[in-house]
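The analysis underlying the following values was restricted to heavy atoms, covering all of them including side chains, and did not include hydrogens, waters or symmetry mates. Quick caveat, the model's predicted, so the values are computed rather than measured. We count ligands from 1, going down the list as the structure has it; atoms in each ligand are counted the same way.
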Amino acid sequence: MSEPKLRLGVNIDHFSTVRNARGGTHPDPVAGAWAAIQAGADGITAHLREDRRHIRDDDLKRLQMLCESENIPLNMEMAATEEMLKIALDLKPHAVCLVPERREERTTEGGLDVAGQHNRLVPLIAKLAENGSRLSLFIEANRTQIEAAARTKAEVVEFHTGAYAHALDDCETEKAQTILKALEHGGALAESLGLEVHYGHGLTYDNVSAIAKIPQARELNIGHFIIGEALFLGLEPAIKEMRRRMDAARDGVEAVS
Ligand code: PXP
C-alpha cells in the first residue's frame with residue numbers, strides 16, 4: 001500500500017507581519033491564504049498570538065470563512081489561555097494546535113510542556129475536542145512529552161523542528177543528527193500510541209528533505225521561509241518548490257537544487 005500523501009500546511013502569519021508594519025490592509029493574509037491554496041497548500045495555519053503582532057481576530061474569522069468555502073483545513077495555533085479558548089470555541093476551526101507562548105520571544109521557542117501542565121491542559125483540550133476541533137500539541141520529540149500527549153484527547157502531535165534547523169544553520173552536524181534521530185524516534189513512538197505526527201518550525205528548502213523522509217510524518221507546517229522566498233520568486237513558485245522537495249524526499253529521491 002502506498003504511503004498517504006505528506007500534507008503541506010502553509011503558515012500565513014507573515015503576510016500580516018508585513019501588513020502591520022504599515023498599519024493598513026495590504027498585504028491581506030486572507031488573500032495570501034487564497035493564493036497559497038491555489039498554489040497547492042493542503043491546509044492553512046495561522047497563529048493568533050496574545051499580543052496580536054501579526055494575525056488579528058478579524059483575520060482569523062475571515063480565514064475560517066475562506067477555508068470553509070474552499071474545503072481546506074484551518075489550523076489555528078494558540079496559547080493555552082482562557083482568552084484563546086473562548087475564541088477557538090466560537091470559531092470552531094478544523095484544528096487547534098496548542099503552542100507555548102512568551103511575549104518577549106520572536107517566535108515559538110521550545111515545545112509545550114504537556115507533562116508539566118497536564119492537569120491544566122487536559123480540561124482545555126477536552127473542551128476544544130468536544131467542540132469539534134482536532135487537537136494538536138506542539139511538543140519536543142521526547143518520550144515524556146509524547147506519553148503525556150497520548151494521555152489527553154489530542155489526536156495529533158507536532159514536533160518542533162526549530163532546534164534541528166538551528167543546528168544545521170550553525171554547521172553543528174553531529175548535534176543536528178542527534179536531534180534528527182530524536183525526531184525520527186519520536187515519530188515512531190507517537191504513532192505507536194495512536195497519535196498523528198506533524199512537524200514544523202524553521203523548515204527550509206535545505207532542511208525539509210530529512211524531515212519529509214520520516215515515515216510517520218503526515219503534515220509539515222511551514223511559514224517564515226516560504227513567505228521570505230515568495231519575495232524573490234512569488235508565492236506560487238515558492239510553495240511549488242517546497243512541495244517538489246517534500247514529494248521527492250518522500251519518494252526516496254533527493255531533490256536537486
Ligand atoms: N508550527 C508551529 C506550531 C509554529 O508555531 C510555527 C511558527 O508559528 C510553525 C509551525 C511555522 O514555523 P516557521 O514560520 O518557522 O516555518
Side-chain angles (χ1 to χ4, degrees), residues 6-18 20 29 32-33 36 41-56 59-60 63 73-81 84 88 93-103 105-114 121 125 133-141 145 149 154-169 183 186 190 195-208 211-212 217-231 235 238-239 241-243 245-246:
L6 178 60
R7 296 189 301 270
L8 170 60
V10 175
N11 180 317
I12 47 83
D13 292 350
H14 297 301
F15 275 94
S16 307
T17 307
V18 176
N20 297 354
D42 301 297
I44 296 297
T45 293
H47 185 175
L48 186 69
R49 293 188 72 101
E50 289 183 270
D51 62 8
R52 311 300 198 267
R53 70 175 68 158
H54 36 56
I55 294 290
R56 296 177 182 150
D59 297 332
L60 203 59
L63 284 168
L74 175 66
N75 175 30
M76 174 188 176
E77 295 175 354
M78 58 175 243
T81 64
M84 290 297 151
H94 169 85
V96 169
C97 180
L98 293 181
V99 303
E101 203 174 298
R102 287 186 295 122
R103 269 172 197 267
E105 71 190 359
R106 262 193 249 161
T107 181
T108 314
E109 290 164 6
L112 189 67
D113 181 10
V114 182
L121 291 177
I125 292 169
S133 293
R134 194 155 193 251
L135 259 289
S136 169
L137 304 176
F138 188 49
I139 60 172
E140 300 292 336
Q145 295 300 338
E155 292 177 53
V156 178
V157 280
E158 180 169 327
F159 290 125
H160 198 313
T161 47
Y164 174 63
H166 280 141
L168 285 178
D169 281 350
L183 292 165
L195 292 159
E196 185 172 297
V197 178
H198 300 178
Y199 292 88
H201 211 283
L203 294 176
T204 68
Y205 291 158
D206 290 336
N207 62 26
V208 76
I211 303 299
R218 294 286 167 264
E219 179 173 308
L220 306 186
N221 282 300
I222 310 181
H224 185 265
F225 181 83
I226 286 180
I227 305 301
E229 199 61 10
L231 296 174
L235 189 64
I239 289 176
E241 178 59 12
M242 188 60 84
R243 175 88 262 159
R245 288 180 186 241
M246 286 165 57

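Taking distance alone, with nitrogen or oxygen atoms compared against 3.5 Å, C97 stays at or beyond that limit from ligand 1. Considering backbone and side-chain atoms alike, G202 places an N or O below 3.5 Å from some N or O of ligand 1.
Between S133 and P93, the shortest heavy-atom contact is OG-O, 2.6 Å. The heavy-atom pair separating A190 from F159 by the smallest distance is CB-CZ, 4.0 Å.
Which parts of ligand 1 touch I222 is read off a 4.0 Å heavy-atom cut-off, strictly below it: atoms 16 (O). In summary, the atoms of ligand 1 found under 4.0 Å from a heavy atom of H224, numbered by their order in the structure, are 13 (P), 14 (O), 16 (O). Set against the non-hydrogen atoms of V99, the atoms of ligand 1 under 4.0 Å away are 3 (C). Heavy-atom contacts of N221 reach the following atoms of ligand 1: 10 (C), 11 (C) (cutoff under 4.0 Å).
Summarising the contacts of atom 2 (C) of ligand 1 with H160, H201, H47, E77, the nearest heavy atom is found in E77. Remark: among candidates E158, H54, R49, H14, the nearest residue to atom 1 (N) of ligand 1 is E158, based on non-hydrogen atoms.
Salt bridge D42/R243: present, at least one basic N to carboxylate O contact under 4.0 Å.
Inspection of the N20 and R56 side chains reveals an N or O donor paired with an N or O acceptor under 3.5 Å.
Y164 places no side-chain N or O within 3.5 Å of a backbone atom of I211 that could act as its donor or acceptor partner. Under the 3.5 Å distance criterion, the side-chain polar atoms of N221 are left unmatched by any main-chain donor or acceptor of H198.
Distances from ligand 1 to the non-hydrogen atoms of F138 include at least one value under 4.0 Å.
In H94, the NE2 atom is crowded: over 12 heavy atoms of neighbouring residues, nucleotides or ligands sit closer than 6.0 Å.
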